[in-house]
Each structure stands twice: as C-alpha cells, then as structure tokens.
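The structure under discussion appears below in the form of structure tokens.
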Amino acid sequence: LADWSNPPQDRSPFNRILSLMAREAVTSRGGDGRPRAARLLRLTALAAAGLPEDPGTPVHDLLASAWSGDPVLADLLRRTLVLCADHELNASTYAARVAASAGAALPAALLAGLATLSGTRHGGITVRCHGWMDRVEQNGLADLVGDDPPPGFGHPLYPDGDPRAAELLRHCPLDVSWQAIVEKVHAVTGSHPSLDLALAQVERRHRLPGGAALGLFAVGRTAGWIAHIFEQRQTGRLIRPRAAG
C-alpha cells in the first residue's frame with residue numbers, strides 16, 4: 001500500500017484516518033465494490049496505526065503491535081473492534097447511507113460517516129470522556145456537578161446499562177478506585193457507563209496513543225458502514241426525508 005507511505009505521525013489516529021479517507025475520496029481509482037472496500041478498511045487500520053507498510057497481519061494484531069508491546073492487547077482490540085462495528089441507524093451510519101443513496105463513491109460515503117462520528121455528541125465523546133477522567137484523577141469528583149451525567153455515562157437506548165460497555169469492561173476492568181467513582185456517578189445521576197467510557201478505559205489502561213479510543217471506534221465502525229453502504233445501494237432509492245413543521 002505504497003500510497004500511504006508516509007503517514008503523518010503528529011496527528012491523532014482518527015485524524016490520520018480522516019486525512020486518508022479524504023485523499024481517497026478525491027483520487028480517481030478503479031472499482032467501487034468489495035475489493036476496494038477491503039482495501040479501504042485495511043488502509044483505515046494502517047492510518048490509525050500510523051504504519052507506512054502493511055505487515056499483512058489481522059487488523060487487531062496490526063494495531064496492537066503498532067501501539068503496544070502488551071501481549072494481551074491484541075485480543076482486547078479484536079473484541080473492541082467487533083463491539084464498535086455496528087449499532088443500527090446511529091447518526092454516522094445514517095449519514096453514510098444518505099451519501100450512498102445519492103450515488104456517492106465508497107470513500108466519499110465513508111467520509112460522511114467519519115465526519116459525523118467526529119462530533120462531540122457521537123464518537124467525539126471518547127475524547128471528552130478521557131479529559132473528564134483526567135480531571136477527576138487530579139481534582140476528585142468535584143467535577144461532577146448537578147444531576148447531568150458526565151461524558152461516558154448514559155445512553156438513551158440503554159437506560160439499564162450499555163451492554164457493549166459491560167462486555168468491554170469485563171475484559172478491561174476498572175480498578176477499585178474507578179469502580180467506586182462509577183458507582184458514585186450512578187448514585188448521583190442514575191446513569192451507567194457507555195461504550196465511550198469503556199473505549200477511554202482501554203486507551204488509558206494500556207497507555208495507547210492519545211485519541212486511540214476514537215481511532216478504534218472509527219476502524220471498527222468502518223466495517224459496519226461498508227455493509228450499510230452496500231445494503232443501501234441495493235435498495236436503489238435516494239434517502240430524502242421531508243420536513244415536518
């Protein structure tokens with residue numbers, strides 16, 4: 001994959017992915033089916049890892065070897081990518097499907113998904129959550145004000161707890177002090193950890209590069225977007241909602 005021979009190391013994993021997909025969207029390339037989809041997914045992982053060449057290993061091994069020498073990390077990242085892959089018609093998936101319905105090429109539709117994922121109310125919550133966790137460790141729970149849940153807590157679809165977060169935290173558990181903080185947040189706000197907190201926990205516990213949580217989210221979700229894009233194309237319909245007053 002010589003066209004990603006010098007990935008910018010001064011950018012976060014997500015921003016490298018964004019740059020990579022923008023370049024792919026404006027570069028004329030043959031084919032827009034499964035072979036290109038497989039290549040784009042591979043390039044996404046390489047961009048997240050910051051690797052100039054493809055070692056030919058599975059994506060979770062590729063990321064683990066690039067980010068850490070911890071032998072248990074690869075399996076954890078595999079689980080993380082699977083849990084991030086799909087979540088019905090969330091905002092970024094819907095954006096990717098809208099672009100695909102309009103006839104956008106595969107990288108352009110993926111770019112629509114990535115742009116939406118970057119938002120601070122979507123995948124960008126992982127960055128806010130990481131910052132909140134840093135502040136709590138420095139200042140204690142004084143950061144928790146009022147009844148609103150902090151970043152990384154609460155999900156409208158899971159009032160009883162995000163099963164993705166529960167599964168990920170089972171394999172990357174919080175330490176005793178953070179478990180107590182989670183329980184305190186729940187007692188004050190009634191909110192449970194979301195996937196965003198679990199992703200931030202993976203990044204923090206394994207000392208991954210800054211922004212790795214959002215990078216993992218993007219790599220895993222790219223696989224899901226590709227499936228949605230192909231499914232949308234099969235419908236042959238343009239997504240065109242009507243405004244309702």
Side-chain angles (χ1 to χ4, degrees), residues 11-15 48-50 60-61 63-85 87 90 117-221:
R11 300 180 191 170
S12 69
F14 181 81
N15 283 343
H60 58 284
D61 288 324
L63 292 169
S65 63
W67 287 346
S68 172
D70 189 340
V72 306
L73 182 61
D75 183 66
L76 177 62
L77 295 189
R78 179 185 63 80
R79 295 174 186 275
T80 303
L81 293 170
V82 170
L83 289 167
C84 289
H87 197 226
N90 55 82
L117 185 70
S118 73
T120 57
R121 297 176 65 182
H122 194 3
I125 294 176
T126 59
V127 179
R128 293 171 53 209
C129 181
H130 192 108
W132 177 80
M133 294 174 81
D134 284 343
R135 293 193 299 275
V136 168
E137 289 189 341
Q138 293 170 5
N139 305 321
L141 273 178
D143 242 32
L144 184 62
V145 179
D147 297 328
D148 293 332
F153 288 85
H155 194 292
L157 297 184
Y158 305 117
D160 297 323
D162 188 335
R164 301 167 301 168
E167 175 64 17
L168 197 48
L169 291 175
R170 190 165 69 87
H171 294 277
C172 187
L174 299 162
D175 61 26
V176 173
S177 61
W178 263 108
Q179 187 58 45
I181 291 169
V182 165
E183 291 172 2
K184 176 64 175 178
V185 171
H186 179 258
V188 173
T189 69
S191 299
H192 299 273
S194 67
L195 176 64
D196 308 289
L197 183 132
L199 288 170
Q201 164 70 358
V202 170
E203 178 181 325
R204 293 165 63 86
R205 177 163 182 169
H206 290 274
R207 295 182 172 86
L208 303 184
L214 182 53
L216 283 168
F217 202 163
V219 174
R221 190 56 58 88

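Counting only N and O atoms by type, the side chains of W178 and E137 include a donor and acceptor under 3.5 Å apart. When only modelled atom types and interatomic distance are considered, H155 and D162 share no side-chain donor-acceptor pair under 3.5 Å.
For the atom pair CZ of F153 and CG of L197, the computed distance is 5.0 Å after rounding to the nearest 0.5 Å. Here the NE2 atom belonging to H130 is positioned 15.5 Å from the CD1 atom belonging to I125, to the nearest 0.5 angstrom. For the atom pair K184 NZ and Q179 CD, the distance stands at 15.0 Å (nearest 0.5 Å). To the nearest 0.5 Å, atom CG of residue L77 and atom OG of residue S65 are 10.0 Å apart. Note that NE2 of H192 and NE2 of H186 are 3.5 Å apart. Values are rounded to the nearest 0.5 Å. In this structure, OG on S194 lies 7.5 Å from CZ on R164, to the nearest 0.5 angstrom.
Checked against a 6.0 Å centroid threshold, the rings of H87 and H122 do not count as neighbours.
Of all heavy-atom pairs spanning P193 and V182, the tightest one is CG-CG1, 3.6 Å. In this structure, P150 and V185 approach most closely via the heavy-atom pair CD-CG1, 3.7 Å. Heavy-atom minimum distance, P149 versus S191: CB-OG, 3.4 Å. Contact detail for A165 and A198: the closest heavy-atom pair is CA-CB, 4.0 Å.
Side-chain N or O atoms of Q201 include none that pairs as donor or acceptor with a backbone N or O of L169 at under 3.5 Å.
No side-chain heavy atom of V72 sits under 4.5 Å from any side-chain heavy atom of L76. Between L81 and L63 the shortest side-chain heavy-atom distance falls below 4.5 Å. Within the 4.5 Å cutoff, the side chain of I181 has no heavy atoms near those of the L174 side chain. With a 4.5 Å cut-off on side-chain heavy atoms, T80 and F217 do not count as touching. Considering only heavy atoms from C-beta on, L216 stays 4.5 Å or farther from C84 through its side chain.
In summary, D134 and R204 engage in a salt bridge, as defined by a charged side-chain N under 4.0 Å from a carboxylate O.
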### Task
Start with the C-alpha gap between R78 and D75, add the side-chain angles, then the distance that decides, and say whether side-chain contact (heavy atoms from CB on, under 4.5 Å) holds.
CA-CA 5 Å; R78 179 185 63 80; D75 183 66; 2.7 Å; yes

### Stepwise side-chain hydrogen bond (donor to acceptor under 3.5 Å, both in side chains) check, S177 with D175
CA-CA 6 Å; S177 61; D175 61 26; 2.8 Å; yes

### Task
Dump the intermediate steps for side-chain contact (heavy atoms from CB on, under 4.5 Å) on T126 and E203, then the final yes or no.
CA-CA 10 Å; T126 59; E203 178 181 325; over 6 Å; no

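For D196, there are no salt bridge (charged side-chain N to carboxylate O under 4.0 Å, His left out) partners two or more places apart in sequence or in a different chain. H60 pairs by the side-chain hydrogen bond (donor to acceptor under 3.5 Å, both in side chains) definition with nothing, not counting sequence neighbours.
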